[in-house]
Amino acid sequence: RLVADIPAEVKAYEVIPDEKYLIKDKLIEYADDLGLDVIITTGGTGVSPRDVTPDATLEVIDKEIPGMAEVMRSESLKKTPRAMISRAVVGLRGRTLIINLPGSPKGVRENLSAILPAISHAVEKIKGDPSECAVTENEKCKFLCIPKNLVCLLLLLLHCNTWIHKPPWSFVSPPRF
């Protein structure tokens, strides 16, 4: 539901296996070739052997934005102690914001909700906006609005064998978180 409510154009939506080289290739392709503002990945952020999304992300980003990942973990910890093993990363590749989210729809909702108010501001800053970062009470609503020209990719990473045969959502349209 959150992804569908963002007033942005989804340029691509792919489901790929948890293979580090595939994840890296897709992140590079969508950041460099398509010049997307935001890439959102789901899945592969834990500690199981196939959880390699943060590793792939760290290998392709120029700058890490630890505050966003910290906020996601902090909010998730309010709901489950298992959140402390999340290795999700948020960072920049050129002018593209890359966000790793957990694989579960509930985790995606919780984590994306935590950082959604900052995504618009981050994209504006990445594009060179020189305006003040401090938020006054009257400006709070500004940061809940995503620019209409924001384009993103929802990259879903499958690491649950049951999803390979029967995904929990349709491949035709993005899942509604």
- prompt: What do the steps show when you test T53 against D18 for side-chain hydrogen bond (donor to acceptor under 3.5 Å, both in side chains), and what is the final call?
  reply: CA-CA 7 Å; T53 305; D18 286 52; 4.6 Å; no
Steps toward side-chain contact (heavy atoms from CB on, under 4.5 Å) verdict (V60, I23): CA-CA 10 Å; V60 302; I23 297 167; over 6 Å; no
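The CG atom of L36 sits 11.5 Å away from atom CG of L97, with the distance rounded to the nearest 0.5 Å. Going from atom OG of S76 over to atom CD1 of I85 covers 11.5 Å, rounded to the nearest 0.5 Å. Atom CG of L112 is separated from atom CD of E75 by 12.5 Å, given to the nearest 0.5 angstrom. Between atom CE of residue M68 and atom CD1 of residue I99 there is a gap of 5.0 Å, rounded to the nearest 0.5 Å. Between the CD1 atom in I65 and the CD1 atom in I115 there is a gap of 9.5 Å [rounded to 0.5 Å].
A search for side-chain contact (heavy atoms from CB on, under 4.5 Å) contacts involving I61 returns T57, L58, E64, V89, I98, not counting sequence neighbours. Applying the side-chain hydrogen bond (donor to acceptor under 3.5 Å, both in side chains) test to D25 and every residue at least two apart in sequence or in another chain returns nothing. Taking the side-chain contact (heavy atoms from CB on, under 4.5 Å) definition, one finds that R82 meets it with T80, sequence neighbours left out. Checked against side-chain contact (heavy atoms from CB on, under 4.5 Å), S74 has no partners two or more places apart in sequence or in another chain. Partners of E29 according to the salt bridge (charged side-chain N to carboxylate O under 4.0 Å, His left out) rule, which considers only residues two or more places apart in sequence or in another chain, are K26. Annotation: side-chain contact (heavy atoms from CB on, under 4.5 Å) contacts of R73 (sequence neighbours excluded): A69, S86, A88.
P17 approaches L22 most closely through the heavy-atom pair CG-CD1, 3.7 Å. Contact between K125 and P130 at its shortest, heavy atoms only, is NZ-C, 3.7 Å. Contact detail for V52 and K20: the closest heavy-atom pair is CG2-N, 3.8 Å. Minimum interatomic distance between I39 and A31 (heavy atoms only, all atoms of both residues): CD1-N, 3.9 Å.
Using a 4.5 Å cut-off on side-chain heavy atoms (C-beta onward), L27 and E59 make no contact.
Distance alone, capped at 3.5 Å, places no donor-acceptor pair between the N100 side chain and the T41 backbone. Side-chain atoms of D51 come within 3.5 Å of backbone atoms of G46 as a donor-acceptor pair (strictly under, hydrogens ignored).
Hydrophobic clustering (ILVMFWY, side-chain heavy atoms < 4.5 Å, transitive): L101 and V47 are in distinct clusters. When the side chains of ILVMFWY residues are joined at heavy-atom separations under 4.5 Å, either directly or via intervening members, V108 and L77 end up in two distinct hydrophobic clusters.
Other residues, nucleotides and ligands contribute only 12 or fewer heavy atoms inside 6.0 Å of the NZ atom of K63.
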